[in-house]
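Below is one structure, written out as structure tokens; the observations come after it.
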Amino acid sequence: MPKKLIKNSLILKFETKLQIHCIFIYIWSLYFTMQKKLKLWDAIMLVMGSMIGSGIFIVSADMMRNLGSGFWLIIVWVITGIMTVAAAISYGELSALYPKAGGQYTYLKEIFGKKMGFLYGWGLFTVIQTGTIAAVAMAFGKFTAYLVPALNDVAPIFQSGEFKITWIQILAIAIILLLTYINTRGVESGKLLQNIFTGSKIIALVGLIAAGFILVDISHMAENFSFGMNSFNNLKKDTLGNFLKEGWEPIGGMTLLGGIAAAMVGSVFSSVAWESVTFVSGEIENPKKNVVKSMIYGTTAVIVLYIAVNYVYLNALDRDSIAFAENDRVAVAASHFIFGSAGTVIIAVLVMVSTFGCNNGLILAGARVFQTMAKDGMFFKQAEKNNKNEVPANALWMQGIWASLLCLSGQYGNLLDMISFVIVLFYMITVFGVIYLRYKQPNLERPYKTWLYPITPIIYLLIGTGFCILLLIYKRQYTWPGFLMVLIGLPVYYFINLNKKTEKE
């Protein structure tokens with residue numbers, strides 16, 4: 001049978017089966033929410049669902065612009081994978097020590113004191129959680145613009161040099177405010193959305209991987225790997241800030257290290273949020289064992305999926321098609337090559353569904369952390385209150401408004417630079433906490449001990465330190481703002497505690 005006919009028949013089968021998959025996902029999610037305790041499989045699904053958002057569909061374009069070689073693209077994903085799994089293994093020891101605690105916020109508070117716990121929570125509000133919400137909302141806008149080209153074609157609302165405010169950013173803000181409003185209406189409203197949109201991201205990835213090796217007529221794999229260990233970058237822009245396709249330049253030495261760090265911004269962003277399972281440790285069956293297993297199995301599975309998807313990109317597209325995919329939508333470009341126009345629409349819709357559902361979960365969960373902090377006297381008192389629907393409406397709106405402002409602060413890539421640096425910084429502090437606790441309390445009963453300790457945490461600390469230092473050298477304009485936002489938390493912390501002392505007196 002000719003390949004064209006095979007393509008058409010597979011597209012039709014994919015479209016007809018999509019509804020069946022969605023029904024199955026909806027039934028499964030209803031079953032999931034009815035369980036009193038989450039089993040190991042449920043916890044693994046939570047880890048994978050938290051990790052897979054918008055990044056894998058977009059970030060490979062920027063990574064290729066920084067490295068210019070299929071070999072280095074895969075190497076960066078492998079380094080990120082080693083880094084992520086090493087962190088998950090290290091976190092396992094802390095999750096077993098504090099099985100019913102509040103995850104990373106509590107680990108830092110218990111190990112290093114209230115000040116460090118507050119700084120993490122403050123960073124979560126100012127950069128990590130809200131910045132991730134903003135970046136995922138921007139990704140939703142990018143893929144909506146593929147289906148509604150007018151969003152791309154219309155002139156920016158405001159532009160000064162490379163800084164601009166576009167209708168895609170306005171759409172991202174509208175989505176954040178809409179989801180925030182829905183979540184203020186009660187837990188059931190937010191939960192219903194989460195049930196409907198769960199799982200679409202996994203369908204998109206698995207479908208793309210399967211088709212990417214079956215339906216490609218002309219493979220670009222050999223071409224993309226023909227550069228070997230040679231690396232190139234192409235970051236030249238015109239006066240409007242658009243990347244120019246001409247001008248690939250060989251790079252090496254410190255410039256290559258800078259390129260690797262810049263490329264890792266995307267892969268790191270795509271691989272975070274796995275620690276969210278620790279926030280629900282108390283709801284997991286046998287948490288002392290299953291939390292660590294879920295983090296290790298979940299992160300490993302997602303990294304394998306990510307590497308496979310990047311092999312699909314390298315198989316389906318040449319270097320320029322990856323690096324200069326329109327609005328960085330590499331998944332759409334690959335799908336167009338594999339399926340034709342029908343496939344690109346399917347992928348675009350699935351990614352929109354994925355980012356919409358992902359952001360709903362981020363908005364729903366983030367506000368609960370800020371409410372908990374308020375109850376501990378470590379955040380704005382107004383965030384503690386529930387509204388008539390028994391949800392922390394004030395915390396939700398604080399989070400939503402700040403995330404909306406971050407949407408205006410820059411484009412998708414700028415947000416990733418700021419978020420990734422701060423996230424890795426706090427991951428490093430938490431991983432170091434494993435070593436510090438071993439030294440301070442060596443006789444503490446540990447239900448689970450970090451595998452290959454101290455090699456595993458040291459591996460993470462070494463890679464993380466190199467990543468952060470190189471970003472500070474090569475991307476100061478975006479890393480310092482995120483770091484300074486966290487440091488502003490120090491005077492806020494002292495102000496809060498000063499008020500407490502005044503009230504007592």
| said: Is the shortest side-chain heavy-atom distance between Tyr313 and Ser321 below 4.5 Å? | reply: no
| task | Start with the C-alpha gap between Tyr146 and Glu326, add the side-chain angles, then the distance that decides, and say whether side-chain contact (heavy atoms from CB on, under 4.5 Å) holds. | result | CA-CA 9 Å; Tyr146 177 77; Glu326 188 178 356; 5.6 Å; no
| message | If I take atom CD1 from residue Ile74 and atom CD1 from residue Ile79, how far apart are they, to the nearest 0.5 angstrom? | response | 12.0 Å
| field | Within 6.0 angstrom of Trp402 CH2, more than 12 heavy atoms from elsewhere | value | no
| task | Check Ile455, Val292, Ile89, Val431 against Thr450 for a side-chain contact (heavy atoms from CB on, under 4.5 Å) and give me the one that passes. | result | Ile89
| said: Under the criterion side-chain contact (heavy atoms from CB on, under 4.5 Å), I'd like the reasoning laid out for Asn234 against Met64: C-alpha separation, chi angles, the key distance, then a yes or no. | reply: CA-CA 9 Å; Asn234 189 351; Met64 184 60 89; over 6 Å; no
| query | Given side chains that start at C-beta, do those of Ile303 and Ser271 come closer than 4.5 Å, heavy atoms only? | reply | yes
| said: Closer than 3.5 angstrom, by distance alone: can the side chain of Asn290 be matched with the main-chain N or O of Glu285 as a donor-acceptor pair? | reply: yes
| Yes or no on side chain to side chain donor-acceptor pair (under 3.5 Å) for Asn183 and Thr180, after CA distance, side-chain angles and deciding distance? | CA-CA 5 Å; Asn183 276 280; Thr180 299; over 6 Å; no
| field | Residues forming a side chain to side chain contact (heavy atoms under 4.5 Å, CB included) with Ser231, sequence neighbours excluded | value | Trp72, Ile251, Leu256
| query | What pair of heavy atoms forms the shortest contact from Tyr460 to Ala86, and how long is it? | reply | CB-CB, 4.2 Å
| field | Counterpart residues, side chain to side chain contact (heavy atoms under 4.5 Å, CB included), relative to Val302 (two or more places apart) | value | Met48, Met51, Ile52, Tyr306
| said: Is the positively charged end of Arg319 above the ring of Phe324, judged by distance under 6.0 angstrom from the centroid and angle within 45° of the axis? | reply: no
| said: Any non-hydrogen side-chain atom of Phe57 less than 4.5 Å from a side-chain atom of Val330? | reply: no
| task | Answer with yes or no after comparing the ring centroid distance for Phe227 and Phe232 against a 6.0 Å cut-off, counting only values under it. | result | yes
| query | Of all residues at least two apart in sequence or in a different chain, which pass the side chain to side chain contact (heavy atoms under 4.5 Å, CB included) check with Ala263? | reply | Met63, Asn66, Leu67, Val76
| field | Interatomic spacing from OG1 in Thr144 to CD1 in Ile175 - rounded to 0.5 Å | value | 7.0 Å
| task | Please name all residues satisfying salt bridge (charged side-chain N to carboxylate O under 4.0 Å, His left out) with Arg65, sequence neighbours left out, ordered by chain then number. | result | Asp62, Asp328
| Passes side-chain contact (heavy atoms from CB on, under 4.5 Å), Ile338 versus Val312? Steps please. | CA-CA 10 Å; Ile338 297 165; Val312 169; 4.1 Å; yes
| Any residue meeting ring pair (Phe, Tyr, Trp, His ring centres under 6.0 Å) with Tyr474, in chain and number order, not counting sequence neighbours | none
| note | Residues Val424 and Cys468: closest non-hydrogen pair is CG1-SG, 3.9 Å
| query | With a 4.5 Å limit on heavy-atom distance, are the side chains of Phe140 and Ile176 in contact? | reply | no
| Hey, is the main chain of Trp451 close enough, under 3.5 Å, to the side chain of Thr456 for a donor-acceptor pair? | yes
| query | Would Tyr427 and Trp274 count as a close aromatic pair, with their ring centres under 6.0 Å? | reply | yes
| Met83 side, atom CE; Leu462 side, atom CG - distance, nearest 0.5 Å | 10.5 Å
| message | Is it the case that over 12 heavy atoms from other parts of the model lie below 6.0 angstrom from the CZ atom of Phe426? | response | yes
| request: With Ser267 as reference, evaluate Asn310, Thr84, Thr80 under the side chain to side chain donor-acceptor pair (under 3.5 Å) test and give the passing residue. | output: Thr80
| Where Ala172 and Cys407 come nearest, the two heavy atoms and their spacing | CB-SG, 4.0 Å
| remark: CG of Asn315 to CD1 of Ile218, rounded to nearest 0.5 Å, is 11.5 Å
| said: What I want to check is whether the side chains of Gln104 and Tyr91 have a donor and an acceptor closer together than 3.5 Å. | reply: yes
| query | Yes or no on side chain to side chain donor-acceptor pair (under 3.5 Å) for Thr130 and Gln399, after CA distance, side-chain angles and deciding distance? | reply | CA-CA 6 Å; Thr130 49; Gln399 174 185 257; over 6 Å; no
| query | Can you list the steps and then say if Leu396 with Tyr181 is a side-chain contact (heavy atoms from CB on, under 4.5 Å)? | reply | CA-CA 8 Å; Leu396 280 163; Tyr181 171 74; over 6 Å; no
| field | Thr166 backbone acceptor or donor facing Gln169 side chain under 3.5 Å | value | yes
| request: Can you sort out the partners of Thr465 under side-chain hydrogen bond (donor to acceptor under 3.5 Å, both in side chains), two or more places apart, ordered by chain and number? | output: none
| message | For a quick test of reading the model, state the closest non-hydrogen atom pair linking Ala261 to Phe467 and the distance between them. | response | O-CE1, 3.4 Å
| field | Check: Phe421 and Leu472 side chains under 4.5 Å, non-hydrogen atoms | value | yes
| said: Please find the pair of heavy atoms, one from Ser69 and one from Gly228, that lie closest to each other, and give the distance. | reply: OG-O, 3.4 Å
| query | For the atom pair CG (Leu208) and OG (Ser335), what is the distance rounded to the nearest 0.5 Å? | reply | 5.0 Å
| request: With rounding to the nearest 0.5 Å, note down the distance linking OG1 in Thr132 to CD1 in Ile423. | output: 4.5 Å
| said: With heavy-atom distances below 4.5 Å as the criterion, would you say the side chains of Ile56 and Leu305 are in contact? | reply: no
| message | Restricting to non-hydrogen atoms, name the atom on Lys293 and the atom on Leu40 that form the minimum distance, rounded to 0.1 Å. | response | CB-CD1, 3.7 Å
| Does Ser294 reach the main-chain N or O of Ile44 with its side chain, forming a donor-acceptor pair under 3.5 Å? | no
| Is any side-chain heavy atom of Leu314 less than 4.5 Å from a side-chain heavy atom of His220? | no
| query | Is any side-chain heavy atom of Ile346 less than 4.5 Å from a side-chain heavy atom of Phe339? | reply | no
